[in-house]
Engineer: 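To start, I am sharing the structure in question, which I have written as C-alpha cells.
Letters A, B, ... mirror the listed sequences (proteins, then strands); counts begin at 1.
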2 protein chains.
Amino acid sequence: MLKIGDFSTLAQVSIKTLRYYDEAGLLEPEWVDPENGYRYYAARQIARLHRILALKDFGFSLEEIGRLLGEGVNAEQMRGMLVLQQAEQKKRVEEEGDRLSRISSRIRLIEKENDMAYDVVLKTVPKQKIASVRETIANYPSVGALYGKVASGLGPGMASAGIPVALWHDHEYKEKDVDAEAGFYLRQDVAAGGGVTVHELAETTAACTVHNGAYKRLSEAYDALLRWVAENGYQIAGPTRELYLHCTKPVRQDDETYVTEIQVPVRKQPVAGSQ
Amino acid sequence: MLKIGDFSTLAQVSIKTLRYYDEAGLLEPEWVDPENGYRYYAARQIARLHRILALKDFGFSLEEIGRLLGEGVNAEQMRGMLVLQQAEQKKRVEEEGDRLSRISSRIRLIEKENDMAYDVVLKTVPKQKIASVRETIANYPSVGALYGKVASGLGPGMASAGIPVALWHDHEYKEKDVDAEAGFYLRQDVAAGGGVTVHELAETTAACTVHNGAYKRLSEAYDALLRWVAENGYQIAGPTRELYLHCTKPVRQDDETYVTEIQVPVRKQPVAGSQ
DNA sequence: TCGAGAAGTCGCCGATCTTCAGCATGATTC
DNA sequence: GAATCATGCTGAAGATCGGCGACTTCTCGA
C-alpha cells in the first residue's frame, strides 16, 4: 500500500494528476482510508496507469480512455479503436507535413522576392449563383467588354448583382483566343436571357490571394499563387476566378487602388512517393 | 467601404472573428463611424486579413501575429521568424510521426499476442542515488544473493534504502557470466563501504513497462519492450534496470503478486532515410 | 515517551491556454 | 418591420497546475 506521494514518485506522475484520475474514475486507489480520506495505491496499479499514459499518448482523450478501460473491452475491440486512432493520426501527420510545406514554400518565396509579397490562403469557397456570358476573347484585358453585355442582358436584374467576377476556363496561359466567362455574383435569383446565363458555381476549395494594385502587375500574384499550388502538392481543379473587389468604371489598367482576389480551385494531388 | 457583414462574406471570416481581431489590434477597420460605432472596412484590407490567416496557419498565435504585423517588420525579419517556426513545425511533424509509429507498433503487438499485453511508456527517469554491488554472476535469478551483501554492507544505512533495483550491464542476453549490479535506491546519502558502492544514476529517458506476475514470465515483458524499442526507432543507451516494486523475502520465482518495472534507457536512433 | 515542527494529504476553487460562439439587450439602417 | 450592427458577458474545450486552509502523520530531539 503506497500513499499518493510514493505512488507519484514511483510512477513519475504528479499527485494532482493522480487525484484527477481518481475523480475521473480512471484510476481509483486500491483503498481509501475512510477515517481521513487518504488514498492508498498498490504497486500493481502502475500497470493500469501505464496503460492510461500509453492511450493518452496515442491521442485518446481521458474520457475515451475511461470507456476503453471501464467496460469489458477485449483485445479485438481495443485493436479496432487503435486502428481508428491510427487513421486519424495518419491524417494528422499529413496535415502537419502539409503545414510544414506551406511554411517552407513561404520562406522560399520571401527569399526569391526579398519581399513579403503575396499571402496564399487555402479556403473553402461556398457555392455561388452567377449571371455571366462566356466567350472566346482576344486577350485577357478585353474581358472588360463582356460586363456591358451582362449588364444590358440582365436589365433590371442588375439590382441583385454583386461583385464582378471573371472565370478563366483555359487550362493554361493563352496569348489569344481566351475562353473567358465574365459576370456578377448574384445575391438573389434572377431570370436569364439576352445571352446571359444564370448558373451556380459549386462549392470548392481554392487557393486564394489578393492583389492590391494595378492589373498590369496581376501576373506577379499569379506567379506566387501557381508556385504555391505546385510547391504544396496541389493540382488545379477548375477554372480560375478573378474577383474584382474594387475597381472603377471605366476600367483603368494602371489604377493602383484596385483590389483583385484570385482564386484557383485545387485538390490535393494524389500522393506518390510521399509517406 | 464595406460593412462588417459584407467584409465577412467577402473574406469568409465570421463577424465575431473580425470584431475580435479589431479588439486585438490585428485588423482595425479603415473607418469607424463615430455616431454609431459601425465598422467599415476597405476591400484592400483583405490582403492584411489573408496575411493574418496565413500566419495563423503557420502556427503563430494571434499575439505573435500582432507583433509581426505591428512593428515595422521587414522581409528579412519575417524570414527569420518563419525559419524558427519551420524548425518547430519540423519537430512537430516528427513527433506526430513517432506517435503514429507507436500506435502502429501497438496494433502489431495486439495482433501478434491477441492480448492487450504490455503498455510501453517513454518517460524521463530522474537522477537517482543508489547503493549497490556489481558482480559477475552465474545467471539472472542468482542476482538475489547480492541483496544480502548490500544489506549487510550498508548496516544501519539500510534505513534510508528504498526499492530494490537490478541493473544489467551486458549489451545482450547472456546464459551465464552476467554482469549484474544489485542494490537499493537511496532516499538519503549513505556512507559507502563493505564492498558496497554508492553512486548516482544520471537522469535518462527510458522505455518502461510493468510486469505484474511471476519472474519466470518476465521475458514476455522484455520481448514486448525490446520489440517496441526496435520498432519505434530507438536504440538502447545504457544498462537496463529492473525495479522490484513488490516482492517478498524470501524471493519466490513463481509468486504471481510480484510487480516489476523494467526500464530500458534509450535514445532516438540517428534517422537515416526518414525525412 | 512526549511534544513540536515538518512533511504529507485532503478537498475545493480558480487559472491556464486560445479562439472564438452564443446570448442578451439595445440602437440603427434598409 | 426585419435585418444588421453595437457592446459585453459567459462558456467552451481538455488536462492539468497552483494555491488555500484544515487536518493527519511522521520524525527527531529531549
Engineer: Can you give me the first and the last nucleotide of DNA chain D (5' to 3') that has an atom within less than 4.0 angstrom of a non-hydrogen atom in chain B?
Structural biologist: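 First and last nucleotides in contact are dT4(D) to dG8(D).
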Engineer: Applying the side chain to side chain contact (heavy atoms under 4.5 Å, CB included) test to R39(B), which of I4(B), L18(B), L2(B), I15(B) qualifies?
Structural biologist: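 When I4(B), L18(B), L2(B), I15(B) are each tested with R39(B), the side chain to side chain contact (heavy atoms under 4.5 Å, CB included) holds only for I4(B).
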Engineer: Side chains of S104(B) and Q86(A): donor-acceptor distance under 3.5 Å anywhere?
Structural biologist: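 There is such a pair (donor and acceptor under 3.5 Å, judged by atom type) between the side chains of S104(B) and Q86(A).
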Engineer: Taking atom C1' of dC20(C) as reference, at what distance in whole Å does atom OH of Y21(B) sit?
Structural biologist: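 Atom-to-atom, Y21(B) to dC20(C), this comes out as 9 Å.
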Engineer: If the plane angle is over 60° it's perpendicular, under 30° parallel, otherwise tilted; pick one for Y147(A) and F184(A).
Structural biologist: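 Rings of Y147(A) and F184(A): perpendicular, over 60°.
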Engineer: Is any side-chain nitrogen or oxygen of S14(B) closer than 4.0 Å to OP1 or OP2 of dA21(C)?
Structural biologist: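 Yes.
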Engineer: Tabulated below should be each protein N or O lying under 3.5 Å from an N or O of nucleotides 27-30 of chain C; please produce it.
Structural biologist:
from	atom 1	to	atom 2	distance (Å)
dT29(C)	OP1	N36(B)	ND2	2.9

Engineer: Does the side chain of Y258(B) come under 3.5 Å of the side chain of T248(B) through a donor N or O and an acceptor N or O?
Structural biologist: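 Checked: Y258(B)/T248(B) side chains pair up, N/O donor to acceptor below 3.5 Å.
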Engineer: Quick one: NZ on K268(A) to CG on D98(A), what's the gap to the nearest 0.5 Å?
Structural biologist: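 Here the interatomic distance stands at 3.5 Å.
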Engineer: Could you state the CD-P distance from E63(B) to dT18(C), rounded to the nearest angstrom?
Structural biologist: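 Value for this atom pair: 7 Å.
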Engineer: Is the Y41(A)-W31(A) ring centre distance short of 6.0 angstrom?
Structural biologist: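 For Y41(A) and W31(A), the ring centres are not under 6.0 Å apart.
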Engineer: Output all residues satisfying side chain to side chain contact (heavy atoms under 4.5 Å, CB included) with E28(B), sequence neighbours left out; order by chain, then residue number.
Structural biologist: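 In terms of side chain to side chain contact (heavy atoms under 4.5 Å, CB included), with neighbours along the sequence ignored, E28(B) is linked to D22(B).
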Engineer: Below 3.5 Å is the cut-off: list the nitrogen or oxygen pairs between protein and nucleotides 11-15 of chain C, distance only.
Structural biologist:
from	atom 1	to	atom 2	distance (Å)
dG11(C)	OP2	R39(A)	NH1	2.8
dG11(C)	OP2	R39(A)	NH2	2.9
dC12(C)	N4	K16(A)	NZ	3.4

Engineer: With a 6.0 Å cut-off on ring centres, are Y118(B) and W228(B) close enough?
Structural biologist: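 No; W228(B) has its ring centre 6.0 Å or more from that of Y118(B).
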Engineer: Listed by chain and number, what are the side-chain hydrogen bond (donor to acceptor under 3.5 Å, both in side chains) partners of N212(A), not counting sequence neighbours?
Structural biologist: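 By the side-chain hydrogen bond (donor to acceptor under 3.5 Å, both in side chains) rule, N212(A) matches no residue at all.
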Engineer: dT9(C) C1' sits how many Å from L2(A) CG, rounded?
Structural biologist: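 Computing the L2(A):CG to dT9(C):C1' distance gives 15 Å.
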Engineer: Which whole-number value in Å describes the distance from D6(A) CG to dA7(C) C1'?
Structural biologist: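 Value for this atom pair: 12 Å.
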Engineer: Test of understanding: with salt bridge (Lys or Arg N to Asp or Glu O under 4.0 Å), list the residues that count as partners of K90(A), not counting sequence neighbours.
Structural biologist: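 Per chain and number, K90(A) pairs via salt bridge (Lys or Arg N to Asp or Glu O under 4.0 Å) with no residue.
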Engineer: Without decimals, in angstroms, what is the distance between Y41(A) OH and dG8(C) P?
Structural biologist: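 It works out to 16 Å between those atoms.
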Engineer: For the residue pair K129(B) and Y185(B), would you count it as a cation-pi contact if the rule is NZ or CZ under 6.0 angstrom from the ring centre and within 45 degrees of the ring axis?
Structural biologist: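 No, K129(B) and Y185(B) do not form such a contact.
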Engineer: If I take atom CG in residue L18(A) and atom C1' in nucleotide dC10(C), what distance separates them, rounded to the nearest angstrom?
Structural biologist: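 Value for this atom pair: 14 Å.
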